[in-house]
Amino acid sequence: MKQNEWRILVIEDEPDSIEVVREMFEYNGIQSWAAGTAEDALKMIPAVQPNVFVVDLTLPGMDGWTFLKTVRKNPATANIPAVAMTAFHSINLARQAIEAGFAAYFPKPLDSTSFVRELAKIIL
Amino acid sequence: MNATDAEHSPDVQFNTDQLAFLRTMGHELRTPLNSIAATCEMMANAVYGELQPGQHKAFQRILRNSSRLVKLINDVMLYIRAQANAMELDSRTVPLKPLLTEQVAGLREQADAKNLTIEVIIEPETVENIAGDPDQVAYIVNEILVNAVSFTASGSIQVRLGSAGPERWKLTVTDTGIGIAPENLARVFVPFWRSVESKQYAPTGNGLGLAIVREFVRIMGGTVDLQSQVGQGTTVTIILPTVISAPNDSPAEPSGPDTADTK
């Protein structure tokens, strides 16, 4: 899929973090939407029709892990790839994220070049 | 001198409430810093438009220093949690040679810049795998290697992986660096302590690395030994059990208690 066909739903509670990630996408000609909570993200899915989720693991209310389980249970969203991002880098956490079903794990601060390049491997 | 006998610094003992407070503080500090670092990275990469040479240099400086702050916060949190035995440890199979190879590869560029050779010797009796927490083992190996490269202006670094008797593995790192004065051998493990030379050779260091190594080694039931001669070099020997069981032997729970510190 071409980059300009990507539809990324970012789930992140920090307004500045959302802005940073979305600017990264905008610069690369990628469309993105943002939800401040997992609950809001679930409501936005039918209208946005995302083809990838970028999920902060720690969120108020439903966390990123539970969000992933929830979208996996719904046939309409079960196959949409999700990538995790966290500010605390650890091999253990990266492994846990992959085992939980995230397609990739990105430690913050995100490096815009490698982030978009890695996403291209996931969004087919 | 055996630095494991070193007197512990007057460490503060944190109670559960204080640990929770510090953990939240670490998270709250990291969140804005990450936005600063990511924005600077984009600035430096001309995402918001082309930069004058001076501006590029300025943004690189902000980026470099925000990375340093992120590392400092992470290290403070690691030290406090290790020292309070409040780490959530994993116990899994860790292939030793690939871990070492990866760590050495990460330092090649820095070593090449100084014309330092890094020689890696794997003794035949070295175990393939150990059982332990990969993050902790990687931290120890990285810290010892980074120090060797940072404090060696010319010459070589020898990294030797071997055995230290039944169910113990050994990492020995020998450099031809500036060395450590006898009176400072124990002090290098004191949190935030840094020698005058250390500030010259590694100005961005935070003085927590070896303090964290000491705590990790203690948690794993191993030893760390320093032999050094000023002007000649330093040899660090780490001996660890090949099987390190996690003290809180609970299965890794993705949404477990560690998540508050993992954002």
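Any value given below was found using the heavy atoms of this structure, including those in side chains, with hydrogens, waters and symmetry copies removed. Below, chains carry the letters A, B, ... as their sequence lines are ordered, and counting in each starts from 1.
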(request) Heavy atoms only, distances under 4.5 angstrom: which of Glu26(A), Glu23(A), Met24(A) has the most pairs with chain B? Name it, please. (result) Glu23(A)
(message) Restricting to non-hydrogen atoms, name the atom on Thr31(B) and the atom on Glu14(A) that form the minimum distance, rounded to 0.1 Å.
(response) CG2-CG, 3.0 Å
(message) Heavy-atom cut-off 4.5 Å, strictly under: side chain, backbone, both or neither for Ala44(B) against chain A?
(response) neither
(request) Check each atom of Asn28(A) against the heavy atoms of chain B and say whether the ones under 4.5 Å are side chain, backbone, both or neither. (result) neither
(request) Under the side chain to side chain contact (heavy atoms under 4.5 Å, CB included) rule, collect the residues that match up with Gln110(B), sequence neighbours excluded. (result) Leu107(B), Val149(B), Ser150(B)
(message) Is it true that, when you exclude Tyr48(B) itself, more than 12 heavy atoms of the residues, nucleotides or ligands shown sit nearer than 6.0 Å to its OH?
(response) yes
(request) Flag the pair Met42(B) / Val20(A) as yes when at least one side-chain heavy-atom distance between them is below 4.5 Å, and no otherwise. (result) yes
(message) Tell me whether the count of non-hydrogen atoms from other residues, nucleotides or ligands lying under 6.0 Å of CD in Gln3(A) goes above 12.
(response) yes
(message) Would you say that Asp111(A) contacts Glu41(B) through its side chain, given a criterion of any heavy-atom pair below 4.5 Å between the two side chains?
(response) yes
(message) With a 4.5 angstrom heavy-atom cut-off, is it the side chain or the backbone of Glu99(A) that approaches chain B, or both, or neither?
(response) side chain
(request) Please name the pair of heavy atoms, one in Asn45(B) and one in Tyr27(A), separated by the smallest distance, quoted to 0.1 Å. (result) O-OH, 4.3 Å
(request) Please flag which part of Tyr139(B) lies under 4.5 Å from any non-hydrogen atom of chain A: side chain, backbone, both or neither. (result) neither
(message) Can you tell me if Glu109(B) has over 12 outside heavy atoms packed within less than 6.0 Å of its CD?
(response) no
(request) Find the distance between OG (Ser35(B)) and NZ (Lys108(A)) and round it off to the nearest 0.5 Å. (result) 7.5 Å
(message) Test your reading of the model: is there a side-chain donor-acceptor pair from Asp135(B) to the backbone of Asn92(A), 3.5 Å cut-off?
(response) yes
